[in-house]
Number of protein chains: 2
Amino acid sequence: MIHKKENVTDLPLVLDEKDMGILKLLQVDAKMTIRNIASQLNLTTTPVYERIRKMEQAGVIKQYAAIVDPQKIDKGLTVLCYISLKEHSKKCGAKFIREIVAFTEVTECLNISGEFDFLIKVQVKDMNAYREFYVNKLGEVDNLSHTQSIFVISVIKATHQMVY
Amino acid sequence: MIHKKENVTDLPLVLDEKDMGILKLLQVDAKMTIRNIASQLNLTTTPVYERIRKMEQAGVIKQYAAIVDPQKIDKGLTVLCYISLKEHSKKCGAKFIREIVAFTEVTECLNISGEFDFLIKVQVKDMNAYREFYVNKLGEVDNLSHTQSIFVISVIKATHQMVY
DNA sequence: CCTGAAACTTAAATCCG
DNA sequence: CGGATTTAAGTTTCAGG
């Protein structure tokens, strides 16, 4: 996690080509050194250093993270679960969100358009683990109207890369 | 990206509590030093260093990445797009996948159970950009039967954290 | 806003017990 | 695996254009 200075501005930082070049590289390899980045962008370390610092403080770079392979840590099953609520009041929605977000199995929760209210992505070991989650965790959440589970047969692509 | 040694084994590495502890920390902050990790886990640098190296080579840690905030780089709109194919032969499926994966707007592509064949996640600036993608890119892909777009109203949770 | 070099700081990697 | 050492490296700063 980025440790911002006290006076975080989060001002709408305008990014130019050089910033994008830096992001492009750091997105793929966060451990790339400033020197290396500088040489690839035909710059020196100073501007690269300062641009990275700015992007960290502006929240453009949210985090430096190790990406773990789910398959290798017994979390090889991904399930998408659609959820509709009974009550849509602000209060009830907030309560639902608080409960859902707390589940470590839920790696994603999206408020969506269409027939359902939410889509959550659940990451578990296998079908047994999903049943366990579905019955004992999701099943204990208030205010659920109906749900639908979609199973992921295979992950074709999954990236956080957004700068090209 | 992790630079593995030549003889990559990718053997089913058995992870113990200490490995999980390391992953847990690196998932949140890839820049955490080995010393820091060691002290938090009541270990010395040697075992931590070696465990990390093993997990990198085994592919448990796939990558160290800077996580960028989509909102801050003009990619604030997320759309889920369901896709059904006409032809489901291996050859046609592979062609579809090749084309879809090449689109930089597609940050995720899942082969799913249920009514549709695939779910792709599209990350763009705004609705105009999505229309542009939908018409000129997705629309040019062969073998599509029908599609359905679901718009993400808000992202409640989005994490790659899987070790707790 | 950049260059270039220098100074500083810190971590990675090794070795022996 | 602990502990310390060594070596190497990256980060950060500064003057100057």
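Just so we're on the same page: letters track the sequence lines, and every chain starts at 1. Both backbone and side-chain heavy atoms feed into the values below; hydrogens, waters and symmetry mates do not.
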Heavy atoms under 4.0 Å is the rule here; annotate nucleotides 3-17 of chain D 5' to 3' with B where the base is hit, S where only the sugar-phosphate is, and - elsewhere. B------BBBBB---
Roughly how far apart are D29(A) CG and Q63(B) CD, rounded to 0.5 Å? 7.5 Å
Is there a salt bridge (Lys or Arg N to Asp or Glu O under 4.0 Å) between E108(B) and K121(A) once you walk through the steps? CA-CA 13 Å; E108(B) 210 170 323; K121(A) 185 190 279 179; 2.5 Å; yes
Any donor-acceptor N or O pair under 3.5 Å, side chains Q40(A), N36(A): yes
Parallel, tilted or perpendicular for Y130(B) and F151(B), by the 30°/60° rule? perpendicular
Pairwise side-chain contact, V141(B) with I83(B), heavy-atom cut-off 4.5 Å (strictly under): no
Expressed in angstrom and rounded to an integer, what is the separation of K54(B) atom NZ from dA13(C) atom C1'? 16 Å
Whole angstroms only, please: what is the CG-C1' distance between L41(B) and dC1(D)? 14 Å
Identify the residue among V122(B), V124(B), N128(B) that makes a side chain to side chain contact (heavy atoms under 4.5 Å, CB included) with L77(B). V124(B)
Could you check whether P47(B) gets within reach of a base, just the sugar-phosphate, or nothing at all, counting any heavy atom under 4.0 Å? sugar-phosphate
dC1(C), OP1 or OP2 - any side-chain N/O from K18(A) closer than 4.0 Å? no
